[in-house]
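Atoms within a ligand are numbered from 1 in the order they appear, just like the ligands themselves. Because only heavy atoms are used, hydrogens play no part in the values below, and waters and symmetry mates are left out as well, while side chains stay in.
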Amino acid sequence: MCDFIRKHGHANIGFATGSTPLGVYKYLIESYQKGKVSFQNIQAFNLDEYVGLKPGHPRSFASAMKKDLFSHIDIRLESIHVLDGSQQDMDQECQRYESLIKNNPIDIQILGIGMDGHIAYNEPGSPLDGMCHVVDLHQESIESSLDYGFDNIQDVPRQGVTQGIGTIMKAHQLIMMAKGQKKAKLVEKMIYGEVTSDFPSSVIQNHDHVLVCLDQGAASQLKEEDYERY
Ligand code: GLP
């Protein structure tokens with residue numbers, strides 16, 4: 001990512017929340033602090049958000065990205081783009097975000113995998129060519145949200161708003177990250193399984209430029225010969 005920014009002078013980058021990319025964000029902050037990279041000319045696009053939370057809400061994904069990355073680097077405030085889950089007309093908000101991305105194609109998109117195989121908040125059953133949309137969160141996603149600072153499950157919003165799988169697949173480069181043994185079976189299915197909307201992350205098999213970054217736990221179900229390949 002740093003190489004790309006240095007080479008091109010600018011970049012449109014899609015950022016994922018969740019625990020997995022935190023090490024990457026720490027690395028980006030350190031690289032900035034050491035003067036190795038500047039984010040002044042990047043445009044940032046968040047992947048997804050909770051419906052019903054204002055971007056400034058402490059549990060919103062917008063706040064999480066600010067806390068974990070944006071407030072520590074020299075990105076311009078006006079270059080941070082988020083889906084606003086507090087808008088009255090969410091269809092209009094989704095259209096706004098979709099055309100913003102259409103006009104500013106994403107160069108590098110960071111992705112994680114949810115415990116039901118979702119990417120961003122595209123839950124199982126989401127169309128593989130879908131655009132930004134509102135989604136009813138599945139139980140696994142609601143429960144996983146307890147890791148993101150909600151005190152109890154009643155406080156977790158029941159809907160999310162997300163870039164669609166079609167939106168994500170238009171990014172030039174995908175970086176899919178997974179960490180820990182609990183993701184091993186999901187990673188195996190994502191890489192070897194059928195490409196199906198029932199398991200949304202499997203769609204990355206159809207992308208021409210995808211880098212899969214795994215730790216040992218998450219990679220433990222891969223066939224041995226694939227360790228090197230992935
Ligand atoms: C969350 C987010 C995704 C994220 C994924 C994995 O619910 N909606 O954007 O990539 O699930 O999260 P984690 O990295 O915490 O496992």
Side-chain angles (χ1 to χ4, degrees), residues 13-28 44-53 55 57 59-70 80-85 94 97 101 106 108-126 130 132-150 153 155-165 167-169 171 174-190 199-204 207 210-220:
I13 301 179
F15 289 98
T17 46
S19 54
T20 313
L22 292 179
V24 169
Y25 299 156
K26 199 166 162 245
Y27 177 87
L28 294 178
F45 297 86
N46 279 15
L47 255 188
D48 50 10
E49 188 53 275
Y50 292 110
V51 168
L53 302 189
H57 188 284
R59 300 279 91 81
S60 73
F61 288 154
S63 292
M65 278 311 308
K66 192 171 165 194
K67 174 174 77 65
D68 295 329
L69 179 64
F70 299 145
I80 300 171
H81 307 289
V82 300
L83 277 156
D84 181 348
C94 289
Y97 206 61
I101 292 176
I106 292 182
I108 301 172
Q109 175 65 59
I110 306 261
L111 293 170
I113 176 171
M115 289 309 289
D116 56 6
H118 71 225
I119 42 173
Y121 261 152
N122 292 281
E123 298 283 29
S126 306
C132 291
H133 63 286
V134 168
V135 63
D136 292 333
L137 298 179
H138 289 196
Q139 193 57 30
E140 286 94 335
S141 301
I142 294 169
E143 286 167 13
S144 300
S145 294
L146 290 175
D147 296 341
Y148 306 148
F150 287 97
I153 205 127
D155 296 343
V156 179
R158 269 27 186 183
Q159 286 191 313
V161 56
T162 183
Q163 286 188 31
I165 297 176
T167 323
I168 293 168
M169 288 294 280
L174 303 183
I175 301 180
M176 162 58 81
M177 306 179 62
K179 238 172 54 173
Q181 191 69 38
K182 68 173 185 179
K183 297 281 176 81
K185 282 252 167 272
L186 301 167
V187 167
E188 181 193 28
K189 208 167 161 185
M190 171 176 80
F199 199 76
S201 56
S202 62
V203 76
I204 67 167
H207 200 285
V210 53
L211 179 67
V212 179
C213 300
L214 309 169
D215 70 354
Q216 224 167 0
S220 59

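Heavy atoms of His118 come nearer than 4.0 angstrom to ligand 1 in at least one pair. Note on ligand 1: Ile113 sits in its first shell, one or more heavy atoms being nearer than 4.0 Å.
Contact annotation: for Lys179 versus ligand 1, there are no heavy atoms closer than 4.0 Å. With a 4.0 Å cut-off on non-hydrogen atoms, Asp147 does not touch ligand 1 at all. Contact annotation for Ala120 and ligand 1: only backbone heavy atoms (N, CA, C, O) come within less than 4.0 Å of the ligand.
The aromatic rings of Tyr121 and Phe61 sit tilted, their planes meeting at an angle between 30° and 60°.
Judged purely by atom type and a 3.5 angstrom limit, Ser201 has no side-chain atom pairing as donor or acceptor with the backbone of His118. When atom types are taken as modelled, the side chain of Glu49 and the backbone of Ala62 share a donor-acceptor pair closer than 3.5 angstrom.
Residue Gly18 approaches ligand 1 through these ligand atoms, each under 4.0 Å from one of its heavy atoms: 12 (O), 13 (P), 14 (O), 15 (O). Taking every heavy atom of Lys183 and a limit of under 4.0 angstrom, the matching atoms of ligand 1 come to 13 (P), 16 (O). Taking a cut-off of under 4.0 Å to the non-hydrogen atoms of Gly112, the atoms of ligand 1 that pass are 10 (O).
Closest to atom 14 (O) of ligand 1 by heavy atom, among Thr17, Thr20, Leu22, is Thr20. Taking only non-hydrogen atoms, the option from Ile110, Leu186, Asp48 nearest to atom 3 (C) of ligand 1 is Asp48.
Contacts of Lys67 classified as salt bridge (Lys or Arg N to Asp or Glu O under 4.0 Å), with partners at least two apart in sequence or in another chain: none. The ring pair (Phe, Tyr, Trp, His ring centres under 6.0 Å) test applied to Phe150 returns Tyr50, not counting sequence neighbours.
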